Amino acid sequence: MAILKLARMGNPILRQKAQVVTQQEIKSPKMTEFISNMLDTLHDAKGLGLAAPQVSCSIQLAVIEIDPNNPRYKDSVHLPKQPLLILFNPEIQILDHEPQGYWEGCLSVPGIRGFVRRPRKIRVNYLNEKAEEKSLIAENFLSTVFQHELDHLDGNLFIDRIHPEDRQKLTFIDEYEQFWKNS
Ligand code: ZN
């Protein structure tokens with residue numbers, strides 16, 4: 001078990017476009033160990049997902065796993081269950097552009113919440129941990145989670161996505177609790 005150091009906002013690696021991963025690299029023992037360490041890190045930090053650049057490895061890999069009882073989000077959103085997914089080289093196709101807003105947080109931007117509008121429904125094409133081609137459809141909150149994580153692979157952070165009309169909904173957690181939680 002290894003908990004990796006999280007890269008935080010300001011670290012240039014979070015702003016790079018991550019490298020595509022080859023099938024051979026995906027199937028290597030080194031990658032299996034790295035994924036295991038990413039999961040240890042995700043569980044330790046109680047996040048919903050983690051992208052490889054967040055642990056200073058600039059490759060197209062993200063892990064997503066949602067436990068509906070995750071304490072980090074217990075007051076902000078009703079969490080859907082999402083069993084562990086490992087995504088290499090993911091590509092998003094928007095199926096429904098209708099914007100939906102959710103409060104987001106990020107392990108690389110600690111202590112902050114922001115209200116972000118994103119398309120409601122997407123398809124994601126990706127390779128799994130066996131380098132098999134897979135496709136999934138995500139809507140509602142899950143669509144937001146996938147877009148947030150996969151944004152990391154393009155060097156984007158959720159704060160970049162805040163609509164100008166929502167500027168006041170970029171907030172520290174204490175202020176979120178005080179002014180916005182029940183709105
Ligand atoms: Zn994030």
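None of these values were measured; they are calculated from a predicted model. Just follow the structure's listing: the first ligand is 1, and inside any ligand the first atom is 1.
- Ring planes of His148 and Phe158: parallel class, angle under 30° (limits at 30 and 60°).
- Under 3.5 Å, the side chains of Gln54 and Ser108 contain a donor-acceptor pair of N or O atoms.
- Taking a cutoff of 4.0 Å between a charged side-chain nitrogen and a carboxylate oxygen, Arg15 and Asp160 qualify as a salt bridge.
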Residues 80-95 side chain polar contacts: donor-acceptor under 3.5 Å, at least two apart:
from	atom 1	to	atom 2	distance (Å)
Asn89	OD1	Val21	N	2.9
Asn89	ND2	Val21	O	2.8
Gln93	OE1	Arg123	NE	3.4

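- Classification of Glu25 and Lys30 as a salt-bridged pair fails, no side-chain N sitting under 4.0 Å from a carboxylate O.
- Ser143 and Gln147 share a donor-acceptor pair across their side chains, judged by distance under 3.5 Å alone.
- Excluding waters, the protein N/O/S atoms found under 2.8 Å from the Zn ion (ligand 1) are Cys106 SG, His148 NE2, His152 NE2.
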